Peer 1: 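Mind having a look at this structure? Questions to follow.
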Amino acid sequence: MSSLQLYNTYTRQNEVFRPLHNNHVGLYVCGPTVYGPPHLGHVRGPIVFDVLRRFLEFKGYKVRHVRNITDVGHLVGDGDEGEDKLGKQARLEQIEPMEVAQTYTVAYNEMCRLVNVLPPGIEPRASGHIIEQIEMIEAIMSAGLAYEVNGSVYFDVLSYAKTKDYGKLSGRILEDLLAGAGNEARELEGQEEKHNPNDFALWKKASPEHIMQWHSPWGKGYPGWHIECSAMSRKYLGDVFDIHGGGMDLLFPHHESEIAQSTACTGHNPARFWVHHNMITINGQKMAKSLNNGILVDELFSGKHALLAQAYSPMTLRFFILQAHYRGTLDFSNEALQAAEKGLQRLMNAADLAPKLPISDSSEYSVSDIEAACERCMNDDMNTPQVIAQLFEAARVCNSAMDGKIKLNSDNVKALNNLFNTWLHDILGIQAEEKGNEEALDGVMQMLLAMRADAKANKNYALSDEIRNKLTDLGFSIKDGKDGSSWSL
RNA sequence: GGUCGGAUGGCCGAGAGGCUAGGCACGGGUCUGCAAAACCCUCUACACCGGUUCGAAUCCGGUUCCGACCUCCA
């Protein structure tokens, strides 16, 4: 068995993955800041890392998957005077900040459930780890790499960079950062307190009206944006763990800061592999408020958005995302989504057919080749599009066998079933859509199909067509085969 | 402005010096009372200009365009 290779952003190359501790894998993924309903940008990360987790488990590793919830606010830029992001939203809605966080945490998790993302083993909240964050800040101060000014604590990037490699992850050169291209345009609160504009906040002093604040050795305040991931990953996975994942937009400053903080505190880059997925676009453009093309996940599922021609199911979304490699940008459009919807249907039909396949004595096809190819593709930096291409090959074999065009012996039929179960369902996490009360429905449908068969036998095609057309209108599709009719929704 | 990625057939999307994925759409066929589904066939692409090579979509140089990041971002 060949081994998994992952692209490590830190070294900018594919590396063979070997866990640090025997067969245990520590996986930390940056979760959402819960101040708004989940949009399409939120859905790629959970799915990508869910597939990674499933694949690692398939390979026999025991995975501790940690995905955080950031529910302490970040600073809001652009003249909002440093108001807490969560606090700001709360004031608009006239509810408690924690109510906002709870509402959108639930919404995020519901989205994950719908797209069949397995719940992470640990889902720590930043607000529940204030003490750990304070302890980490103290350790960084003890190391002489942070300083307090007026109740706020800042990370001293220049001192850190004297002995450590600051900027390696994101490919940034400190001299360029110091030159400050772009910096002058941004006026963040507290900028004048910093020794250097590139220093970042570990702890921020809170003004009295600031809603979310905690006691600390430096007075009342709240943690800086980056420290929560450092503190929580360390707490649950240790000073050094296997994989840290997130979106490419987090490369700088978030992950760069995490590396600096953790290194200042423990002496180590916390993660051996830094894995980043790329962004999504809508009709070729970045999804942005100013472009008015932001689509919520719920809007995709209901089809209620000006840019959407129809509703798309959660599984269509998942399949669509996995049809592109995780490190490339992924463009959402109606055409692309519709193509994914149909392709998915084809694959699911074949998977449903697999258990009913006729068995021959001889075999004209070796399914094990497909299986080997699937693993080879996944090992190659999680190439899910190629895995899916293999599964389509399997679907063709399946359909051909069903049509009697090729013969498969019992071993190959078994392998085909196993292929769909393992690769389509277990690893890619593609399942049949949720359907209610299928047995009762099937009973009714069988009755209608029997009536239609009678009508056909009596050459009453007007009636048989009427039955079929009305069912079609209701969303059922009827297929007439040699051995009677079948239905699907 | 700086840094880093891209540009693949009607649409999406892999690949990465010769074997030229896959899906969807289109067209032809088999099957069918009709239809749907399924199957078979068809569609041969890599932004532009040079160069290296027996051979380049893939390597090198240049050009154009697009995108991301540069302390809100998934």
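FYI, side chains are in, hydrogens and waters are out, and symmetry mates aren't considered; it's all heavy atoms of this structure. These numbers were taken from a predicted model, which means no experiment stands behind them.
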Peer 1: Quantified in whole Å, what is the P atom distance between nucleotide B/rC39 and nucleotide B/rA57?
Peer 2: 33 Å
Peer 1: Examine the base of B/rC4 for any acceptor or donor lying under 3.5 Å from a partner atom in the side chain of A/R12, and report the outcome as yes or no.
Peer 2: no
Peer 1: Using purine N1 to pyrimidine N3 plus N6-O4 or O6-N4 for Watson-Crick, or N1-O2 and O6-N3 for G-U wobble, both under 3.5 Å, which nucleotide pairs with B/rG10?
Peer 2: B/rC24
Peer 1: To the nearest 0.5 angstrom, please state how far the CG atom of A/L408 sits from the OG atom of A/S366.
Peer 2: 10.0 Å
Peer 1: Give A/G171 one of three labels, base, sugar-phosphate or nothing, depending on what nucleic acid heavy atoms sit under 4.0 Å from its own.
Peer 2: sugar-phosphate
Peer 1: How does protein contact run along nucleotides 18-30 of chain B, one letter per nucleotide 5' to 3', with B for base contact, S for sugar-phosphate only, - for none, heavy atoms under 4.0 Å?
Peer 2: ---BSBSS-----
Peer 1: Mind checking who B/rA45 pairs with, Watson-Crick or G-U wobble, both distances under 3.5 Å?
Peer 2: none
Peer 1: If I pick the C1' atom on B/rG17 and the same atom on B/rA35, what distance separates them, to the nearest angstrom?
Peer 2: 49 Å
Peer 1: Does a salt bridge link A/D50 with A/R54, judged by any charged N lying under 4.0 Å from a carboxylate O?
Peer 2: yes
Peer 1: If each of A/Y326 and A/D249 is mapped to the nucleotide of RNA chain B with the nearest heavy atom, which maps nearer the 5' terminus, i.e. the 5' end?
Peer 2: A/Y326
Peer 1: If you assign A/I280 and A/A395 each to the RNA chain B nucleotide with the nearest heavy atom, which residue ends up on the more 5' nucleotide?
Peer 2: A/A395
Peer 1: Could you check whether A/H39 gets within reach of a base, just the sugar-phosphate, or nothing at all, counting any heavy atom under 4.0 Å?
Peer 2: base
Peer 1: Please check if atom NZ in A/K407 has more than 12 non-hydrogen atoms from other residues, nucleotides or ligands closer than 6.0 Å.
Peer 2: no
Peer 1: Answer with base, sugar-phosphate or nothing: what part of the nucleic acid does A/L330 contact at a heavy-atom distance below 4.0 Å?
Peer 2: sugar-phosphate
Peer 1: So which nucleotide does B/rG67 pair with, by the Watson-Crick or G-U wobble rule with both distances under 3.5 Å?
Peer 2: B/rC4
Peer 1: May I have the distance from A/M111 (atom CE) to B/rA74 (atom P), rounded to whole angstrom?
Peer 2: 11 Å
Peer 1: Are any of A/K286's side-chain N or O atoms less than 4.0 Å away from OP1 or OP2 of B/rC69?
Peer 2: yes
Peer 1: With no hydrogens and no angle check, is any side-chain donor or acceptor of A/D71 less than 3.5 Å from a backbone partner on A/S127?
Peer 2: yes
Peer 1: What does A/L250 touch in the nucleic acid at a heavy-atom separation under 4.0 angstrom: a base, only the sugar-phosphate, or nothing?
Peer 2: sugar-phosphate
Peer 1: Provide the distance between the two P atoms, one in B/rC26 and one in B/rC19, to the nearest whole Å.
Peer 2: 30 Å
Peer 1: Calculate, to the nearest 0.5 Å, the distance between atoms NE2 and OG1 belonging to A/H255 and A/T9 respectively.
Peer 2: 8.0 Å
Peer 1: Taking the same atom, P, in B/rU44 and in B/rA36, what whole-Å distance lies between them?
Peer 2: 26 Å
Peer 1: What's the separation between atom CG in A/L347 and atom CD1 in A/I430, rounded to the nearest 0.5 Å?
Peer 2: 8.0 Å
Peer 1: Contact class for A/M248 vs. all strands (heavy atom < 4.0 Å): base, sugar-phosphate, or nothing?
Peer 2: nothing
Peer 1: Are the side chains of A/K286 and A/M279 in touch, meaning some heavy atoms are under 4.5 Å apart?
Peer 2: no
Peer 1: Please name the nucleotide paired to B/rG50 by Watson-Crick or G-U wobble geometry with both distances under 3.5 Å, or report none.
Peer 2: B/rC60
Peer 1: Contact class for A/K456 vs. all strands (heavy atom < 4.0 Å): base, sugar-phosphate, or nothing?
Peer 2: base
Peer 1: Using the P atom as the reference point in each nucleotide, state the distance between B/rC60 and B/rC43 in Å, no decimals.
Peer 2: 33 Å
Peer 1: How far, in whole Å, is B/rC24 from B/rA16 if one measures between their C1' atoms?
Peer 2: 24 Å
Peer 1: Taking OP1 and OP2 of B/rC39, is either one under 4.0 Å from a side-chain nitrogen or oxygen of A/N399?
Peer 2: yes
Peer 1: Could you give the distance separating B/rG1 and B/rC59 at their P atoms, to the nearest angstrom?
Peer 2: 26 Å
Peer 1: Using a heavy-atom cut-off of under 4.0 Å over every strand shown, decide if A/S170 touches base, sugar-phosphate, or nothing.
Peer 2: nothing
Peer 1: Taking the C1' atom of each, how far is B/rC46 from B/rA21, in whole Å?
Peer 2: 14 Å
Peer 1: Cation over ring, A/R172 on A/F252, under 6.0 Å and within 45°?
Peer 2: yes
Peer 1: Between atom CG in A/L251 and atom C1' in B/rC4, what is the gap in whole Å?
Peer 2: 10 Å
Peer 1: Please work out if A/N349 contacts a base, only the sugar-phosphate, or nothing of the nucleic acid, heavy-atom cut-off 4.0 Å.
Peer 2: nothing
Peer 1: Between A/N198 and B/rU71, does any side-chain N or O lie under 4.0 Å from OP1 or OP2?
Peer 2: no
Peer 1: Kindly state each residue pair satisfying salt bridge (charged side-chain N to carboxylate O under 4.0 Å, His left out) with at least one member in residues 338-348 of chain A, sequence neighbours excluded.
Peer 2: none
Peer 1: Does A/D331 reach a base, just sugar-phosphate, or nothing at all? Heavy atoms under 4.0 Å.
Peer 2: sugar-phosphate
